[in-house]
Novice: 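Right, I'll just put the structure down here and ask away after.
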Amino acid sequence: MGGHVVLGVLARSLIGAVGLVAVATASRAAEPIDIAIGYLGRAGVPQTLSPLDQPAADDGVAGAKLAIEDNNTTGKFLNQRFTLVDRRVKDDEDAAQAANELAAKTGFILADLPADALLKVADSLRGRGITLLNVGATDDRLREQDCRANVIHVAPTRSMLADGLAQYLVWKQWKRWLLVTGSHDKDKLFADALRRAATRFGAKIVEERTFEDTGGARRTDSGVTLIQRQMPVFTQKAPAYDVLVAADESEVFANYLPYRTWDARPVAGSAGLRPASWDPAQDQWGATQLQNRFMKLASRRMDALDMQAWMAVRMVGEAASRTNSGDTKAMSDYLKGPNFTIAAFKGTRLSLRDWNLQLRQPILLADGRMIVSVSPQEGFLHQVSELDTLGVDRPETKCKLQ
């Protein structure tokens, strides 16, 4: 009888101990893994010719915030919690110093910076185990001769954008181009990409013209009158052409070309039919629900920078869920590995090019109201991925990741 009592006491004690261990384990398991993601962007917004194109103050970061919400929806089931740390850099500030401040809080930093600043940041963070996700700079050199092993490129390159446009123009049999280039350096870089695309896909540039930026305000009554007279004169006496292709990243003249050219011809490139990674009009492949959620969050529609930031944050979230870890190295290795893909409402899953860490993606062609087409176009084939018909392919690359 006494033995049974002793055994009963021992059993209750053992059950109590197991219960305490279970409570303690549950308590430890309830503590989520915190994964902070930095956003390093420029203070202020650029001026555009059309007030309808003027970026919002939260351009880019709003897309990142929506992706944080999406990551946390999945994170609830995996005991992961995501936060965003926003840091804006003024023109007189050192971007590298700001990046190092963010690096003390996170292992992943979204960067919306010009090429030179991005390189400076990447070099300052080398060896610290920080992964930068370039969401803004389209410069091809960042993926080629100036590529860095600690930078993943979510924004498409100029060559990808130019190739996406060129494929459609060639598919339409609009193979004769009048190329008009602005006088600023980034205009010339886009023009270089368009020349390369023309050669690559069989188009012919029948003539090139340069539009010199002489300054002056054109958003005035007199400015409208001036442009209406200036553009027909500027575009007259051109050889026979099918489409006018404009390279005007500096927002000086291209938006004044449609309906004002001497010849009745379509306009493409920096105005008219534009190539982009995303457009507010995109509603295919389930994009309507993404646009609706973004509208609820930001009270506006999603543009290309928003989408690039959304994809970057979702890539980090995907890496965290697939590795079931908050370890920066494990997540970064997964992103750069052969098994990484991500869905982005663009009709196909996206992956990274292992030779330069550029995200493969379709290019949307939009006219400001609708999506006209999506490249790669039908008939442009590739032995690995049709997406690799857009931009610099493996045999062409100059990148040596370091």
Novice: Checking side-chain hydrogen bond (donor to acceptor under 3.5 Å, both in side chains) for the pair W310/D70: CA distance, chi angles, key distance, verdict?
Specialist: CA-CA 9 Å; W310 182 89; D70 294 342; 2.9 Å; yes
Novice: Please evaluate residues R88 and R42 with respect to the criterion side-chain contact (heavy atoms from CB on, under 4.5 Å), reporting the C-alpha separation (whole Å), side-chain torsions for both, the decisive distance (0.1 Å), and the verdict.
Specialist: CA-CA 5 Å; R88 300 305 176 94; R42 291 163 286 188; over 6 Å; no
Novice: Should we say atom NZ of K65 is surrounded by more than 12 heavy atoms from elsewhere, each under 6.0 Å from it?
Specialist: no
Novice: Would you mind writing out the side-chain donor-acceptor pairs for residues 180-193 within the sub-3.5 Å range, not counting sequence neighbours?
Specialist:
| residue | atom | partner | partner atom | Å |
| --- | --- | --- | --- | --- |
| S183 | OG | D213 | N | 3.1 |
| H184 | NE2 | D213 | OD2 | 2.8 |
| D187 | OD1 | E249 | N | 2.8 |
| D187 | OD1 | S250 | N | 2.9 |
| D187 | OD1 | S250 | OG | 3.0 |
| D187 | OD2 | H184 | N | 3.2 |
| D187 | OD2 | S250 | OG | 3.3 |
| D192 | OD1 | R195 | NH1 | 2.6 |

Novice: Please find the pair of heavy atoms, one from L350 and one from A344, that lie closest to each other, and give the distance.
Specialist: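 Taking every non-hydrogen atom into account, CD1-CB, 3.7 Å.
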Novice: Listing request: all salt bridge (charged side-chain N to carboxylate O under 4.0 Å, His left out) pairs with a residue in residues 71-85, at least two apart in sequence or in separate chains.
Specialist: D34-R81
Novice: Which of these, L142, L40, D112, sits in a side-chain contact (heavy atoms from CB on, under 4.5 Å) with L118?
Specialist: L142
Novice: Scan for salt bridge (charged side-chain N to carboxylate O under 4.0 Å, His left out) pairs involving residues 230-242, sequence neighbours excluded, and state none if there are none.
Specialist: R176-D242
Novice: Run the side-chain contact (heavy atoms from CB on, under 4.5 Å) check on V85 and Y39 step by step: do they pass?
Specialist: CA-CA 6 Å; V85 184; Y39 189 102; over 6 Å; no
Novice: If you take all heavy atoms of V392 and S159, which pair is closest and at what distance?
Specialist: N-OG, 3.9 Å
Novice: Among residues at least two apart in sequence or on other chains, which ones pass ring pair (Phe, Tyr, Trp, His ring centres under 6.0 Å) with W177?
Specialist: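 Result, ring pair (Phe, Tyr, Trp, His ring centres under 6.0 Å) vs W177: none returned.
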Novice: Listed by chain and number, what are the side chain to side chain contact (heavy atoms under 4.5 Å, CB included) partners of T288, not counting sequence neighbours?
Specialist: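 Once residues adjacent in sequence are excluded, the partners of T288 under the side chain to side chain contact (heavy atoms under 4.5 Å, CB included) criterion are D283, N292.
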Novice: Identify the two heavy atoms, one from L335 and one from L352, that lie closest to each other, and give their separation to 0.1 Å.
Specialist: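 That would be O-CD1, 3.2 Å.
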Novice: So, for R300 and A62, which heavy atoms are closest and what is the spacing to 0.1 Å?
Specialist: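 So the minimum-distance heavy-atom pair works out to NH2-CB, 3.5 Å.
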Novice: Hey, could you give me each pair passing salt bridge (charged side-chain N to carboxylate O under 4.0 Å, His left out) that has a residue in residues 265-274? Not counting sequence neighbours.
Specialist: D53-R274
Novice: First locate atom CG of N356, then atom CD of E396, and finally report the distance between them rounded to the nearest 0.5 Å.
Specialist: 11.0 Å
Novice: Run the side-chain hydrogen bond (donor to acceptor under 3.5 Å, both in side chains) test against D139 and tell me which residues pass, sequence neighbours left out.
Specialist: R158
Novice: Considering only residues two or more places apart or on different chains, which pairs with a residue in residues 227-247 satisfy ring pair (Phe, Tyr, Trp, His ring centres under 6.0 Å)?
Specialist: F211-F234
Novice: Is it true that T48 and Q54 share a donor-acceptor pair across their side chains at a distance under 3.5 Å?
Specialist: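 Side chains of Q54 and T48: pair found under 3.5 Å.
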Novice: For residues P362 and L390, report the shortest heavy-atom separation together with the two atoms involved.
Specialist: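 Heavy atoms of P362 and L390 come nearest at CA-CD1, 4.4 Å.
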Novice: Applying side chain to side chain donor-acceptor pair (under 3.5 Å), which residue pairs with at least one partner in residues 121-131 are found, sequence neighbours left out?
Specialist: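 The answer is N100-S124, N100-R128, D123-R126, D123-R148, T131-S332.
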Novice: What pairs of residues pass the ring pair (Phe, Tyr, Trp, His ring centres under 6.0 Å) test when at least one of them lies in residues 64-108, not counting sequence neighbours?
Specialist: none
Novice: Between the side chains of R360 and S351, is a donor N or O closer than 3.5 angstrom to an acceptor N or O?
Specialist: yes
Novice: Begin from the C-alpha positions of R301 and D303 and carry the test salt bridge (charged side-chain N to carboxylate O under 4.0 Å, His left out) through to its verdict.
Specialist: CA-CA 7 Å; R301 294 186 71 81; D303 66 17; over 6 Å; no
Novice: Partners of F380 by ring pair (Phe, Tyr, Trp, His ring centres under 6.0 Å), sequence neighbours excluded?
Specialist: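 Result, ring pair (Phe, Tyr, Trp, His ring centres under 6.0 Å) vs F380: F201.
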Novice: Scan for salt bridge (charged side-chain N to carboxylate O under 4.0 Å, His left out) pairs involving residues 366-378, sequence neighbours excluded, and state none if there are none.
Specialist: none
Novice: I would like to know whether L132 and V121 meet side-chain contact (heavy atoms from CB on, under 4.5 Å); could you show each step before the answer?
Specialist: CA-CA 9 Å; L132 292 167; V121 167; 3.8 Å; yes
